[in-house]
Amino acid sequence: MLEVRSAVRGFLAATAEAREAPLVVACSGGADSLALAAATAHLARKQELRVCARVVDHGLQDGSAEVAARAADQLGRLGFADVEVLAARVTGHGGPEAAARRARYAELDRARPAGAAVLLGHTLDDQAETVLLGLGRGSGARSIAGMRPWDRPWARPLLGVSRDTTVRACAEVGLRPWQDPHNGESRFTRVRLRTEVLPLLEDVLQGGVASALARTARQLREDADALDEVAGAVRAQVERGAELDAAALAAHPPAVRRRVLRGWLLERGIAELSDAHLRAADALAGAWRGQGPRALPGGFVLRRTHGRLQVERGGRATAGPVSGG
């Protein structure tokens with residue numbers, strides 16, 4: 001348990017803004033989140049922190065309400081005076097894993113006190129799996145950079161702690177974690193990564209793979225943060241009201257241009273931007289040959305007119321040139 005407590009203590013010391021409001025521990029009843037809850041409760045007594053706990057019941061399995069109730073009971077015995085069980089409604093696209101994740105985050109966000117940070121039990125092993133998923137999907141550096149330790153309001157103090165460590169920590173203090181039966185079902189992508197891919201990589205590369213993937217994620221986050229800062233400065237130079245100066249943007253490297261475009265397009269309500277969308281948008285600035293408007297998700301269109309990039313809703317994308325390059 002000492003390693004888990006040290007990780008939480010280190011995170012809170014390095015992230016002062018997370019302590020500005022009550023800390024919410026999100027707990028599933030599994031070893032990772034129970035160990036996190038036990039460490040946070042211990043530190044709360046030592047440092048007089050304001051803490052509460054939330055248990056999300058996804059309702060996807062028989063007996064899920066009983067599992068949530070047992071988790072809430074253990075949280076109460078750890079010293080949490082404010083414990084609430086949240087019933088999530090799992091619907092939508094992307095498969096059961098993605099839908100459950102969206103529902104869980106939505107409920108936790110809704111139920112947290114104003115300004116509160118939500119502590120999540122993601123471990124080093126979860127980070128390694130996330131990096132592998134990003135690699136396999138070709139999602140670019142942003143995905144391979146993995147989960148951030150602090151992405152307000154979401155806090156992940158245990159990204160440097162292994163899953164085995166959280167299991168041992170629970171045993172040390174007499175906690176009884178729930179074993180999710182879904183963790184043994186190979187129909188879930190993460191389960192196969194956890195039980196087949198990572199063990200094979202550990203064997204072939206003679207160990208240390210999960211830690212190496214987590215280090216790679218950290219290095220990429222640092223690089224991405226630096227590029228995002230550069231892109232912010234470039235955007236300030238090329239933005240002209242609601243438009244972008246295409247020629248001025250073209251003077252910068254492609255990685256910077258696409259970051260400028262991504263942030264600018266997201267602010268205009270264009271979600272689910274793929275790499276193909278961003279490269280097509282970037283071509284209107286960096287590879288301009290008179291090409292026509294480009295269709296974007298949500299019925300939006302990006303066009304270049306008189307040297308400016310403009311976003312329109314419900315416009316018509318064509319393959320031909322437009323005037324006024």
Side-chain angles (χ1 to χ4, degrees), residues 1-56 71-72 74-75 78-86 88 100-131 142-143 145-163 165-166 169-170 175 177 210 214-215 217-218 220-222 224-225 228:
M1 181 57 76
L2 288 177
E3 185 178 346
V4 180
R5 290 174 181 171
S6 177
V8 178
R9 184 186 301 111
F11 171 81
L12 293 176
T15 318
E17 61 177 313
R19 303 193 304 271
E20 294 173 357
L23 298 171
V24 180
V25 178
C27 186
S28 66
D32 300 339
S33 58
L34 272 180
L36 173 63
T40 304
H42 174 80
L43 292 173
R45 291 190 292 271
K46 296 286 187 180
Q47 301 181 13
E48 298 184 351
L49 300 173
R50 295 173 293 162
V51 296
C52 60
R54 300 291 181 262
V55 181
V56 179
Q74 293 195 82
L75 290 166
L78 284 171
F80 286 89
D82 180 359
V83 179
E84 184 180 351
V85 175
L86 310 174
R101 182 169 55 251
R102 286 195 304 271
R104 178 168 61 254
Y105 277 64
E107 278 300 308
L108 289 169
D109 193 33
R110 180 194 63 76
R112 67 187 177 95
V118 181
L119 275 59
L120 306 171
H122 294 125
T123 64
L124 180 146
D125 300 84
D126 295 309
Q127 185 73 300
E129 292 161 15
T130 300
V131 174
R142 195 176 298 275
S143 288
M147 297 176 284
R148 291 181 176 275
W150 176 233
D151 187 16
R152 178 178 282 277
W154 314 111
R156 301 177 178 89
L158 306 187
L159 287 181
V161 176
S162 73
R163 189 173 291 131
T165 297
T166 65
C170 288
L175 292 170
R215 285 196 304 274
R218 183 172 64 249
L220 281 168
R221 280 198 307 275
E222 291 168 353
D225 288 345
D228 285 344

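No hydrogens, no waters, no symmetry mates; every other heavy atom, side chains included, goes into these values.
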So, for [X] and [Y], which heavy atoms are closest and what is the spacing to 0.1 Å?
X   : Y    : answer
L86 : R110 : CD2-NH2, 3.9 Å
G29 : A71  : CA-CB, 3.8 Å
R5  : L43  : O-CD1, 3.8 Å
S33 : S28  : OG-N, 3.0 Å
V85 : A72  : CG2-CB, 4.0 Å
L34 : L78  : O-CD1, 4.4 Å

For E48, does the CD atom sit with more than 12 other heavy atoms under 6.0 Å from it, leaving out its own atoms?
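It does not: E48 CD has 12 such atoms or fewer within range.
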
Student check: side-chain heavy atoms of [X] and [Y] closer than 4.5 Å:
X    : Y    : value
D82  : R54  : yes
Q127 : T130 : yes
P113 : V24  : yes
L108 : L120 : yes
S162 : D125 : yes
H122 : L159 : yes
R9   : S6   : yes

Distance check, rounded to the nearest 0.5 Å: [X] atom [atom1] versus [Y] atom [atom2]?
X    : Y    : atom1 : atom2 : value
T165 : M1   : OG1   : CE    : 11.0 Å
L119 : L36  : CG    : CG    : 5.0 Å
Q47  : H42  : CD    : NE2   : 9.0 Å
L124 : R156 : CG    : CZ    : 14.0 Å
Q74  : C27  : CD    : SG    : 8.0 Å

Could you tell me whether a side-chain N or O of [X] sits under 3.5 Å from a main-chain N or O of [Y], the two making a donor and an acceptor?
X    : Y    : value
T166 : A35  : no
R152 : A117 : no
R50  : E20  : yes

R163/D126 salt bridge by N-O under 4.0 Å criterion
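Here D126 pairs with R163 in a salt bridge, since their nearest N and O are under 4.0 Å apart.
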
R221 and D151 ion-paired at < 4.0 Å:
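Looking at D151 together with R221, the answer is no, because their closest N to O distance does not fall below 4.0 Å.
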
Could you check M147 against W154 for side chain to side chain contact (heavy atoms under 4.5 Å, CB included), going step by step and ending with a plain yes or no?
CA-CA 10 Å; M147 297 176 284; W154 314 111; over 6 Å; no

